[in-house]
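Have a look at the structure below before the remarks.
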Amino acid sequence: MPNAGLCSCWGGRVLPLLLVYVCYLLLGATIFQLLERQAEAQSRYHFQLEKLRFLENYTCLDQWALEQFVQVIMEAWVKGVNPKGNSTNPSNWDFGSSFFFAGTVVTTIGYGNLAPSTEAGQVFCVFYALLGIPLNVIFLNHLGTGLRAHLATIERWEDRPRRSQVLQVLGLALFLTLGTLVILIFPPMVFSHVEGWSFSEGFYFAFITLSTIGFGDYVVGTDPSKHYISVYRSLAAIWILLGLAWLALILPLGPLLLHRCCQLWLLSLRQGCGAKEAPGRRPRGSSTAARGVQVTPQDFPISKRGLGS
């Protein structure tokens, strides 16, 4: 019955997976709370203390005026205007920054530090995302498929000599390692140098970006005290697209490489065991059980009279 099949599927697969999923979320919530809540309390206390000191130093201001000024700063920040610096800060909507924003829209990263503030811009962003997100998915799929086509020979390696198999696996591992260095190691080093971050912060930004989480706490090209080249954010957008394509390639190839390595390891073990058993092997015709024939008492019928004689 369909209902019985649905209940068995729910109880056998969906329910355990749901429990694991909920437990994973609860675990993450607990750890994040333990790690971040104290730091948030300290930041909140420090901010309130700085406001009180500011009012003590500038007695012409009252609490209401200061709160209004803070509100203006918050509104400017929400609209993508960095309150640091002055009006000569570079625009958030020049072509390079706009190209970077368009890349974050179609890749669904959405840092949150910049968004359209006009009604026309918001409406255009909706329709632009409706077409751009599927186009981005199709592009990444085709790009990943094209890259995997050059590595398709690994699927037909069983008939090749063992040396060729080992070289093929080593070549694939080297390819994945170099690609990981180019996509996940070198760019964080560049971002760390240009933005003044530590390497861990640069790697954190790279991972949060390429995983399309996009918190927005670290974004390239937003410090008004630095002078960036005009194509800096455009190059960052191109890196994002290439990085997503790279992830689309290695996600299926990673398990395949692990599977091939396990096969080579098992093959080596079997050959080693066969080499050890070869000197003590019996002749081919000396044992009936060795040929896979099971001997039972019924194969030799003996009468009771024969036993008694």
Side-chain angles (χ1 to χ4, degrees), residues 21 78-80 90-152 172 175-191 194-195 197 201-222 228-257:
Y21 184 72
V78 170
K79 293 181 180 179
S91 172
N92 287 321
W93 293 106
D94 56 9
F95 182 79
S97 300
S98 300
F99 184 81
F100 181 79
F101 174 76
T104 61
V105 170
V106 299
T107 56
T108 68
I109 295 176
Y111 288 114
N113 68 310
L114 185 63
S117 59
T118 62
E119 184 177 355
Q122 293 171 354
V123 172
F124 174 75
C125 184
V126 170
F127 289 99
Y128 183 77
L130 286 176
L131 295 177
I133 293 175
L135 179 62
N136 177 70
V137 172
I138 294 173
F139 167 73
L140 293 179
N141 287 336
H142 279 72
L143 185 58
T145 302
L147 292 174
R148 285 194 299 269
H150 295 284
L151 304 173
L172 178 60
F175 174 76
L176 294 178
T177 302
L178 292 178
T180 303
L181 289 175
V182 172
I183 298 297
L184 293 179
I185 303 301
F186 292 154
M189 296 175 62
V190 175
F191 295 143
V194 175
E195 301 290 341
W197 300 337
E201 290 174 326
F203 186 81
Y204 168 80
F205 163 76
F207 177 80
I208 295 298
T209 297
L210 296 182
S211 61
T212 68
I213 297 175
F215 288 127
D217 49 350
Y218 289 88
V219 183
V220 296
T222 58
Y228 303 102
I229 60 176
S230 57
V231 295
Y232 175 62
R233 302 192 80 182
S234 299
L235 293 176
I238 295 174
W239 163 75
I240 291 174
L241 295 176
L242 294 178
L244 292 176
W246 175 254
L247 291 180
L249 169 67
I250 66 173
L251 286 179
L253 284 182
L256 177 62
L257 177 62

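D217 contributes atom CG, which lies 9.5 Å from atom CD of E201 (distance to the nearest 0.5 angstrom). To the nearest 0.5 angstrom, I133 atom CD1 is 12.5 Å from I138 atom CD1. A distance of 12.5 Å separates CG in N136 from CG in L131, rounded to the nearest 0.5 Å. One distance of note links CG of L140 with CG of L242; it measures 10.0 Å at 0.5 Å rounding.
Here the shortest heavy-atom pairing between P187 and L181 reads CD-O, 4.1 Å. What you find for Y232 and G221 is that their closest heavy atoms are CE2-N, 3.6 Å. Across P188 and A206, no two heavy atoms sit closer than the pair CG-CB, 3.8 Å. Heavy atoms only, all atoms of each residue included: N92 and L114 are closest at O-CD2, 3.6 Å.
Residues passing the ring-ring contact (aromatic ring centres under 6.0 Å, His included) test with F124, sequence neighbours excluded: Y128. Listed by chain and residue number, V123, L130 satisfy the side chain to side chain contact (heavy atoms under 4.5 Å, CB included) test with F127 (two or more places apart in sequence, or in another chain). Residues that satisfy the side chain to side chain contact (heavy atoms under 4.5 Å, CB included) test with I240, not counting sequence neighbours, are F100, T107, I109, Y111, T209, L244.
Remark: side-chain polar atoms of W239 are paired, donor with acceptor, to backbone N or O of I183 under 3.5 angstrom. In this structure a side-chain-to-backbone donor-acceptor pair under 3.5 Å is present from Q122 to P116.
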query: How far apart are the C-alpha atoms of T222 and R233, what are their side-chain angles, what is the distance that settles it, and do they pass the side-chain contact (heavy atoms from CB on, under 4.5 Å) test?
result: CA-CA 10 Å; T222 58; R233 302 192 80 182; 4.1 Å; yes

- request: For V220 and V194, run side-chain contact (heavy atoms from CB on, under 4.5 Å): C-alpha distance rounded to whole Å, both residues' side-chain angles, the deciding distance at 0.1 Å, then the answer.
  value: CA-CA 9 Å; V220 296; V194 175; over 6 Å; no

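In this pair, Y204 and F215 present their aromatic rings parallel. The plane angle is below 30°, not in the 30 to 60° band.
Paired with Y218 under the rule ring pair (Phe, Tyr, Trp, His ring centres under 6.0 Å), one option of W197, F207, F191 passes, and it is W197.
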